[in-house]
Amino acid sequence: MNTPVIVWLRHDLRLRDNPALFYAAQQGPVIPVFIDDTSVADEWSPGAASRCWLHHSLDSLNQQLSGGLKLFRGEPLDVLSKLIEQTGARAVFWNRCYTPQAVRRDSLIKRALKNAAIEVHSYNGSLLWEPWEVSKGDGTPYKVFTPFFRNGCLNAPLPDAPLPSPQLRLFSAQDSTDQISLQQLRLLPDHPWYERISEHWEISEDAAWKRLQQFTAERLQHYQKGRDFPSMEATSTLSPYLQWGQISPRQIWYYSQQQANKPGLEDALDTFLKELGWREFSYYQLYHNPGMTRENLNQRFNHFPWRNDADRCRDWQQGRTGFPVIDAGMRELWQTGYMHNRVRMLVGSFLVKNQLQHWLHGARWFWDTLVDADLASNSASWQWVAGCGTDAAPYFRIFNPVTQGQKFDPDGTYVRRYLPELKKLPSRYIHTPWEAPEAVLKAAGIVMGTTYPNPILDLKETRSQALQAFAHLKEHS
DNA sequence: GGTCAATTGAC
DNA sequence: TCAATTGAC
């Protein structure tokens with residue numbers, strides 16, 4: 001068969017365990033395509049950090065394909081139709097996307113191509129279980145994680161084993177006139193901020209594998225306890241690779257189980273696999289609640305008296321709240337495009353419950369600055385922390401950044417890493433610099449209010465305000 | 001409709 | 001201890 005087939009790559013920028021690529025390669029010479037989609041340009045088009053990651057991902061994948069990756073910008077149906085016309089391709093293969101816009105787009109394109117007598121083949125390349133295949137006995141979707149994962153997922157048929165790299169034959173054709181270069185895609189922002197992020201990460205399919213191997217070999221044994229301590233680097237940090245598909249959840253699922261098949265690692269492995277379960281649960285929720293990227297899942301929260309205060313949001317964004325663990329987290333985010341999981345919960349709770357800002361302000365900032373920005377996880381997690389989500393943290397659970405800092409960063413290693421201005425402050429005061437005696441501050445080279453801000457709010461007071469607002473909400477709905 | 005259980009806390 | 005909600009089955 002020498003009629004070419006098109007593989008439309010999206011969030012699956014890898015060769016291994018790529019069902020669309022694998023099965024397309026069995027059908028004929030392949031034309032691999034990536035399209036910068038202008039048809040879904042809404043507030044959740046990839047943010048700056050995500051586009052930066054995408055730039056490097058495409059560069060790396062193009063090298064793996066010996067320069068054969070074709071880049072376009074435009075409406076996918078137009079691009080694909082033209083390419084079919086130019087090359088005589090008879091089929092289009094892709095791996096499914098699950099965000100509401102993408103689901104709608106793909107089903108329209110599928111219908112249009114089929115009407116034009118073009119075959120369309122779609123596969124699951126980014127989830128362990130399809131969201132429509134997991135439901136309760138009565139057919140309605142789960143709302144609570146534990147039964148979703150234990151009964152819904154783990155009792156369902158196991159995910160397929162990962163596929164090997166395909167035997168690829170690339171279709172050799174003249175470059176089409178619509179094709180553009182990686183530079184012309186302009187995925188890197190003008191702001192030099194991205195350079196630091198690029199330096200911080202090795203962005204390729206091989207790098208994702210190295211990370212998984214290193215994680216299972218060195219980090220997994222300490223995962224159970226270590227994952228809560230932001231200074232410890234005990235987590236996998238695979239999330240950004242998962243987002244653009246340099247690695248698949250199936251590869252992680254099977255490889256980690258195979259490597260951790262030793263006594264003593266059972267609990268750590270279960271906890272780790274459960275985190276993949278949370279990713280599944282987020283996609284599951286988004287699939288069944290497409291409005292949750294904007295609207296409170298719990299509608300009672302529609303009447304919550306959020307404050308709309310750009311200045312407060314700016315303090316938070318820039319890491320100038322005066323609470324070291326919060327500020328360190330926000331600076332980690334800015335410098336690396338990443339933030340440790342526990343710290344994400346702390347900064348989320350602070351913005352929503354102490355500053356009383358709407359969770360969407362946080363979701364939008366994370367969306368723009370996280371290299372692992374994932375619409376499902378981001379929406380579900382912000383709703384969780386705000387208390388309006390499915391299976392959410394109870395409203396009265398308000399994290400205290402001081403006690404949390406003392407508990408999970410007792411010697412201040414994490415704080416010092418991202419707040420060098422507090423580097424010389426003794427551990428005793430590292431989470432409460434405003435309590436340090438004048439002499440201690442002086443010795444550490446700190447001038448409160450100048451080199452480091454005083455706390456912008458009173459934890460006790462704001463906590464009780466939030467509790468009051470929530471209680472009011474409860475009475476009047 | 002009764003029973004059981006519930007990621008990641010604070011005072 | 002809080003203090004009682006919500007979902008799953």
Side-chain angles (χ1 to χ4, degrees), chain A residues 134-156 222-232 234-236 239 267-282 284-285 288-289 296-301 323 325-326 329 339-354 359 377 380-410 414 431-432 457-468 470-477:
Chain A
V134 176
S135 57
K136 289 182 293 166
D138 65 1
T140 61
Y142 283 99
K143 294 189 168 180
V144 176
F145 173 73
T146 306
F148 162 80
F149 192 56
R150 282 216 283 250
N151 306 340
C153 297
L154 295 181
N155 280 337
H222 307 119
Y223 185 72
Q224 190 80 338
K225 284 186 182 144
R227 62 189 292 273
D228 271 327
F229 292 81
S231 71
M232 278 186 66
T235 60
S236 76
S239 50
D267 289 349
L269 180 66
D270 282 350
T271 308
F272 178 62
L273 295 178
K274 210 165 74 176
E275 296 307 314
L276 283 178
W278 275 94
R279 178 176 177 276
E280 297 284 311
F281 190 46
S282 299
Y284 179 83
Q285 289 179 73
H288 292 287
N289 307 282
N296 301 319
L297 280 170
N298 182 345
Q299 310 234 327
R300 193 189 272 177
F301 280 74
F323 294 96
V325 77
I326 303 295
M339 195 193 304
H340 186 274
N341 172 252
R342 173 155 293 272
V343 189
R344 291 189 199 199
M345 293 191 283
L346 301 182
V347 301
S349 173
F350 188 84
L351 181 75
V352 166
K353 296 184 176 175
N354 293 108
W359 58 268
S377 298
S381 303
W382 274 99
Q383 295 228 30
W384 179 85
V385 84
C388 55
T390 304
D391 201 12
Y395 71 90
F396 53 82
R397 202 163 274 171
I398 299 173
F399 287 96
N400 181 320
V402 173
T403 49
Q404 284 281 313
Q406 288 164 343
K407 196 166 168 190
F408 294 109
D409 188 34
Y414 176 75
H431 294 290
T432 52
L457 51 78
D458 184 284
L459 290 178
K460 223 173 161 177
E461 193 185 307
T462 51
R463 176 189 155 84
S464 79
Q465 276 170 7
L467 289 177
Q468 228 170 16
F470 284 118
H472 188 261
L473 208 60
K474 211 167 47 167
E475 279 171 37
H476 299 270
S477 54

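A note on names: the letters A, B, ... follow the listed sequences, proteins ahead of strands, and every chain is numbered from 1.
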Self-check item: A:K143 NZ to C:dA8 P, straight-line distance once rounded to whole Å
Solution: 7 Å

Practice problem: In whole angstrom, give the distance that lies between atom CD of A:Q404 and atom P of B:dC11. | Solution: 11 Å

Quiz prompt | Whether A:R344 side chain and A:M339 backbone form a donor-acceptor pair below 3.5 Å | solution = yes

Self-check item: Between C1' of B:dG9 and NZ of A:K407, the distance in whole Å
Solution: 7 Å

Self-check item: Selected nucleotide, minimal atom distance to A:N151 side chain, candidates B:dT7, C:dA8, B:dG9
Solution: C:dA8

Exercise. Return the nearest nucleotide to the side chain of A:R300; candidates are C:dT6, C:dG7, B:dC11.
Key: C:dT6

Quiz item: Within the structure shown, what part of the strands sits under 4.0 Å from A:R463 by heavy-atom distance: base, sugar-phosphate, or nothing?
Solution: sugar-phosphate

Self-check item: Side chain A:H288, main chain A:Y142, donor-acceptor under 3.5 Å
Solution: no

Self-check item: With A:T390, the side chain to side chain contact (heavy atoms under 4.5 Å, CB included) member among A:F145, A:F281, A:W384
Solution: A:F281

Quiz item: Counting just side-chain N and O atoms, does A:T146 come under 4.0 Å of either OP1 or OP2 of B:dA5?
Solution: no

Quiz item: What integer number of Å spans the C1' atoms of B:dT3 and C:dA4?
Solution: 16 Å

Practice problem: May I ask you to evaluate whether A:Y142 reaches the phosphate of C:dC9, defined as a side-chain N or O under 4.0 Å from OP1 or OP2? | Solution: yes

Practice problem: Figure out the CG/C1' separation between A:L346 and B:dG9, and round it to whole Å. | Solution: 11 Å

Practice problem: Indicate yes or no for a side-chain donor-acceptor contact from A:Y223 to the backbone of A:D267 under 3.5 Å, with no hydrogens or angles considered. | Solution: no

Practice problem: With heavy atoms under 4.0 Å as the rule, sort A:T271 into base, sugar-phosphate or nothing. | Solution: nothing

Quiz item: Reckon A:F145 touches a base, only the sugar-phosphate, or nothing at all at heavy-atom distances under 4.0 Å?
Solution: nothing

Self-check item: Gap between atoms CG and C1', on A:L467 and B:dG9 respectively (whole Å)
Solution: 12 Å

Exercise. Give none if C:dT6 has no partner; otherwise give the nucleotide forming a Watson-Crick or G-U wobble pair with it, both distances under 3.5 Å.
Key: B:dA5

Practice problem: Could you check how far CD of A:Q383 sits from P of B:dT8, rounded to whole Å? | Solution: 18 Å

Practice problem: Measure from the side-chain heavy atoms of A:V144 and tell me the nearest of B:dA10, B:dT7, B:dT8. | Solution: B:dT7

Quiz item: A:T140 and A:K136: side chain to side chain donor-acceptor pair (under 3.5 Å), yes or no, with the steps?
Solution: CA-CA 6 Å; A:T140 61; A:K136 289 182 293 166; 3.0 Å; yes

Exercise. Identify whether any heavy atom of A:R344 sits under 4.0 Å from a base atom; if not, whether one sits that close to sugar-phosphate; answer base, sugar-phosphate or nothing.
Key: nothing

Quiz item: What nucleotide among B:dC11, B:dT8, B:dT7 has an atom nearest to a side-chain atom of A:E275?
Solution: B:dT7

